[in-house]
Every structure is written in C-alpha cells, then in structure tokens.
Amino acid sequence: MALGAQGFSAVPRLRLRRQFDPALERLHVLQIDSVNVFARSHYLPVFSRHGGYSTAALDSHLWSSGEYTEYWAHEAAFIPAADRPLFQWRMREFRDRHADRATALAPEIARVRAQLADAGPQFVRELEEGPREARGPWWDWSETKQAVELLFARGEVVAAGREGFQRRYALAEQALPSRALEDRSRTEAQRALIERAARSLGVATLADLADYHRIQVADARSAVRDLEDAGDLVPVSVAGWVSTRGAPEQAWMHRETRLPARLAPDALLTPFDPLVWFRPRTERMFDFHYRIEIYNPQAKRKYGYYCLPLMVGGRIAGRIDLKADRAGRALLVQAAWREPGAPARTVEAATSLLARAAAWQGLESMRVTGVGNLPLPAGFPADSG
C-alpha cells in the first residue's frame with residue numbers, strides 16, 4: 001500500500017504529454033538538494049517511478065508553467081503553487097522568530113525589496129552593491145544574502161529559477177498568481193498538509209505524517225484526530241511496527257489507500273526520495289539502516305560518498321555509490337553493496353537499472369570498481385531502451 005501510494009504501482013506506460021506528472025501528483029513535494037555527483041536529487045524520484053524522461057522538460061514545467069513554486073515544505077522543495085497558502089503559517093512563524101534579525105537588516109531588506117520591484121528577478125550577485133567581502137553570522141552570508149533569504153522564508157520573495165544551485169529571486173506578487181498568495185489559518189492548513197501526507201504515504205505513523213511537511217508532532221496529532229473524526233484517516237495496526245517500549249505503534253491509513261493489483265518496484269532511489277527520507281520509517285518498513293556519508297572523511301565511510309538505495313521487488317536490496325563522469329561520458333559505480341536477504345535477481349536488476357540510468361543521463365558507458373559485495377559486471381554499455 002505504501003509503495004502504491006508513492007507511485008510504484010505497475011501501470012501500463014501511458015503516452016503522457018508530461019511523463020513526470022504522475023510522480024509529482026503522488027509525492028506532493030519534490031525535495032531539492034545541492035549534491036550533483038550523479039544527478040540533481042529532484043530529478044531522481046521521477047526516474048525511479050517512470051524511467052527515462054527529459055529533465056529539461058521537467059525544469060521548464062517546474063520553473064515556467066506557474067504550477068509549481070519553491071519553499072521550505074520538507075527541506076527546500078518544489079510544491080504546487082496552489083498549495084503555497086498551506087505554508088503561510090510557517091512564513092508567519094519565521095517572521096516572528098527572526099524579528100530581531102529583520103530589524104537589524106531593515107535598511108538592506110528595504111533596498112533589496114525596492115531593487116526587485118524595479119528591476120525584476122535577480123541573483124544575489126546582481127542585488128549586491130559594493131564589495132562582497134562583508135559577511136554576517138548566517139553561514140558567512142553577506143547582508144544582501146541574509147536579507148533576501150529572510151524575505152524568501154517570510155514569503156515575500158520567491159525563487160524564479162536557479163542557475164547551478166543559486167536562486168534567482170523575485171517579489172512574490174510579481175512572480176506568482178494571486179491564488180498562491182492567499183492565506184489559510186494555521187489549523188486548517190496543517191490539517192490539509194497532514195491529509196496530503198497520508199495520501200502520499202498510504203499507511204503511516206504519527207511521526208511519519210508529521211515529518212512529511214515538517215510539522216510539530218503535537219500539531220500533527222491534533223490534525224490526525226480531526227481527520228480521523230472526519231473519516232479521512234482510518235486507524236490501523238501494522239505487524240512489526242512497535243514503539244520503543246515494545247507496544248504496537250498506532251498507524252493510520254488514508255481512506256483512499258488501496259492495495260495495488262500489481263507492483264513493479266525495481267528502482268534506484270535518491271537519499272531524499274519521500275519513500276526513504278524519514279530514516280525511522282525506512283528502518284521500520286524495510287529493515288534498512290541508511291545514512292548519508294558525504295560529510296564523513298573518506299576513511300570513515302562504510303559504503304561510499306553518495307549511495308543510492310537500490311530497491312528490487314519492493315525490498316531495499318542494496319546501495320550503490322554513483323558518480324557521473326560527464327567529461328568521459330561514463331557512469332562510475334564506485335561501490336555496490338548487497339543487503340542481507342536481497343532477492344536472487346538483485347545483480348540482474350541492478351545491472352539493468354544502472355544501464356538505464358546511464359542512458360538517461362546521456363552517459364555512454366559504465367565503469368565498475370568492484371568495491372563492495374554486490375558483484376556487478378566490470379563495465380558495459382549504457383542501455384538506450
């Protein structure tokens with residue numbers, strides 16, 4: 001049920017005008033991350049569910065259609081522009097929490113706002129004036145960067161595109177339709193977000209539901225109670241889901257959740273895929289302990305720099321450390337690991353997925369180091385099929 005809710009149902013390939021639409025609808029949020037060692041994280045959930053597609057077409061849709069915008073919905077993430085009002089409470093809370101900082105930056109905030117109003121969307125480098133050496137306490141940001149990020153978090157400024165990983169900023173009223181600027185009460189909005197999380201997760205605990213849009217557990221509990229009373233959430237128990245005290249963990253199923261007739265879930269997953277991004281749920285569902293090792297020194301990495309979880313037959317069967325050698329047009333498999341109890345066809349499934357991933361990224365071949373306990377072929381051409 002959880003896999004089906006996440007878009008891994010085995011459905012016939014449809015000649016959709018936009019192949020990415022089904023995944024966007026299922027997931028509701030598409031997390032953005034700066035790591036580009038293989039592919040930008042927000043590209044992978046669509047590939048995981050629907051195979052190769054045009055990332056340029058997805059970029060155009062996310063940035064130019066007016067249907068999506070970026071905000072702190074989980075981490076930085078794309079969300080439907082129509083659902084942006086559901087995060088107005090978060091914008092208000094950020095404004096209140098950082099009121100002192102905003103007061104200290106008031107002249108710079110006013111200047112940035114006026115420049116955006118006059119000149120339209122701009123990068124920070126275009127907004128800055130004078131030398132760029134001056135830095136502040138926020139991640140060593142300049143005052144201009146601090147000001148524009150405060151405005152972004154408060155909802156007064158939006159991202160109107162990115163270059164590399166740098167946001168291009170615009171005033172919200174100039175870049176978004178009026179419906180995206182509407183307000184919703186905190187209670188109403190959080191109830192809608194918990195309902196949407198339940199729809200995307202299928203079956204979930206309170207912690208799962210709260211994490212999806214980063215809502216406090218106490219607030220999520222209140223929303224769950226209201227949704228249960230309304231019949232939108234159905235209480236269930238799941239075998240093996242127990243609390244730290246050993247008692248059965250309370251869970252809920254969305255009223256529209258169905259058991260799919262078929263599943264075809266072989267996939268490479270980004271670490272920021274909603275299927276696995278909440279690590280306690282990942283361990284509970286798949287008995288798979290996963291941590292990103294990017295920030296560990298190389299000598300302390302157990303599996304690799306940027307391992308993608310490997311799903312075979314609906315089970316997490318391994319993890320593969322990938323890197324795209326774009327100059328050499330090759331996919332580098334720097335390590336490949338097999339989980340205990342992985343299906344017998346894991347090598348075959350991984351080989352097929354890697355060949356398709358290479359072709360999707362425009363890479364012509366693959367090179368395998370042999371590090372790890374998943375014995376992949378040493379090298380083979382990308383699969384264009």
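These figures come from a predicted structure and were not determined experimentally.
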Handout entry: Donor on one side chain, acceptor on other, Thr187 and Arg191, under 3.5 Å
Key = no
Exercise for the section: Mind checking the CG-CD1 spacing from Leu150 to Ile109? Nearest 0.5 Å is all I need. Expected result: 5.0 Å
Problem - Test item: Asp273 side-chain N/O and Val276 main-chain N/O as donor-acceptor pair under 3.5 Å - result: no
Problem - Plane angle bin for Phe288 and Tyr290 - parallel if under 30°, tilted between 30 and 60°, otherwise perpendicular - result: parallel
Exercise for the section: State whether Arg84 and Glu182 are salt-bridged, where the test is any N-O pair (Lys NZ or Arg NE/NH1/NH2 against Asp/Glu carboxylate O) under 4.0 Å. Expected result: no
Handout entry: Donor-acceptor contact present, side-chain Arg26 to main-chain Gly4, <3.5 Å
Key = yes
Handout entry: Side-chain heavy-atom pair Glu67, Leu24 within 4.5 angstrom cut-off
Key = no
Fill in the blank from the handout: d(Ile294 CD1, Asp33 CG) to nearest 0.5 Å is 6.5 Å
Handout entry: Arg319 to Trp337, cation-pi by 6.0 Å centre distance and 45° axis angle
Key = no
Handout entry: Presence of salt bridge, Asp83 and Arg184, under 4.0 angstrom
Key = no
Practice task
Look at the side chain of Thr282 and the backbone N and O of Phe278, then say whether any donor-acceptor pair between them is shorter than 3.5 Å.
Solution key: yes
Practice task
Examine Trp360 together with Tyr53 and report whether their ring centres are nearer than 6.0 Å.
Solution key: yes
Handout entry: Residues forming a side chain to side chain donor-acceptor pair (under 3.5 Å) with Glu195, sequence neighbours excluded
Key = Arg199, His254
Exercise for the section: Step by step, work out the ring pair (Phe, Tyr, Trp, His ring centres under 6.0 Å) result for His61 and Phe20. Expected result: CA-CA 10 Å; His61 181 57; Phe20 38 78; 5.4 Å; yes
Practice task
Working to the nearest 0.5 Å, report the span between CD of Glu228 and CG of Leu233.
Solution key: 7.5 Å
Handout entry: Residues Arg186, Glu93: salt bridge by 4.0 Å N-O rule
Key = yes
Fill in the blank from the handout: Output for pair (Ser48 OG, Leu268 CG), nearest 0.5 Å, gives 6.5 Å
Practice task
Return yes if a side-chain donor-acceptor contact under 3.5 Å exists between Tyr303 and Gln334, otherwise no.
Solution key: no
Problem - Salt bridge present between Asp287 and Arg315 (N-O < 4.0 angstrom) - result: no
Handout entry: Criterion side chain to side chain contact (heavy atoms under 4.5 Å, CB included) on Val124 and Glu149, from CA distance to verdict
Key = CA-CA 10 Å; Val124 169; Glu149 286 294 338; over 6 Å; no
Exercise for the section: Using a 4.5 Å cut-off on heavy atoms from C-beta on, say whether the side chain of Tyr68 contacts that of Leu30. Expected result: no
Exercise for the section: Decide whether Trp89 and Leu181 are clustered together by the hydrophobic rule: side chain heavy atoms of Ile, Leu, Val, Met, Phe, Trp, Tyr closer than 4.5 Å, transitively. Expected result: no
Exercise for the section: Examine Arg167 relative to Phe152 and say whether NZ or CZ is less than 6.0 Å from the centre of the six-membered ring and inside a 45° cone about the ring axis. Expected result: yes
Handout entry: Side-chain touch Gln298/Tyr305, heavy atoms, less than 4.5 angstrom
Key = no
Problem - Side-chain touch Ser222/Gln216, heavy atoms, less than 4.5 angstrom - result: no
Practice task
Apply side chain to side chain contact (heavy atoms under 4.5 Å, CB included) to the pair Gln174 and Leu116, showing each step before the final yes or no.
Solution key: CA-CA 9 Å; Gln174 293 182 343; Leu116 289 174; 5.6 Å; no
Practice task
Apply the test ring pair (Phe, Tyr, Trp, His ring centres under 6.0 Å) to residues Trp72 and Phe87: give CA-CA distance (whole Å), side-chain angles for both, the deciding distance (0.1 Å), then the verdict.
Solution key: CA-CA 8 Å; Trp72 298 105; Phe87 296 94; over 10 Å; no
Practice task
Before giving the answer on salt bridge (charged side-chain N to carboxylate O under 4.0 Å, His left out), spell out for Asp321 and Arg301 the whole-Å C-alpha distance, their side-chain angles and the decisive distance to 0.1 Å.
Solution key: CA-CA 11 Å; Asp321 186 18; Arg301 291 178 196 143; over 6 Å; no
Practice task
May I have the step-by-step check of side-chain hydrogen bond (donor to acceptor under 3.5 Å, both in side chains) for Gln31 and Ser41, ending in yes or no?
Solution key: CA-CA 7 Å; Gln31 184 171 332; Ser41 187; over 6 Å; no
Handout entry: Greater than 12 external heavy atoms within 6.0 Å of Glu25's CD
Key = no
Practice task
Could I get the full list of side chain to side chain donor-acceptor pair (under 3.5 Å) partners for Arg255, not counting sequence neighbours?
Solution key: Asp232
Problem - Non-neighbouring partners of Arg329 that pass side chain to side chain donor-acceptor pair (under 3.5 Å), sequence neighbours left out - result: Glu364
Practice task
Say whether Leu310 and Ile292 are linked into one hydrophobic cluster, either directly or through other cluster members, by side-chain heavy-atom distances under 4.5 angstrom.
Solution key: yes
Exercise for the section: May I ask you to decide whether Asp211 forms a salt bridge with Arg281, counting only side-chain N to carboxylate O separations under 4.0 Å? Expected result: no
Problem - Residues Glu70, Arg162: salt bridge by 4.0 Å N-O rule - result: yes
Practice task
Using atom types as modelled and distance alone, determine if a side-chain donor or acceptor of Tyr169 lies under 3.5 Å from a backbone N or O of Gly161.
Solution key: no
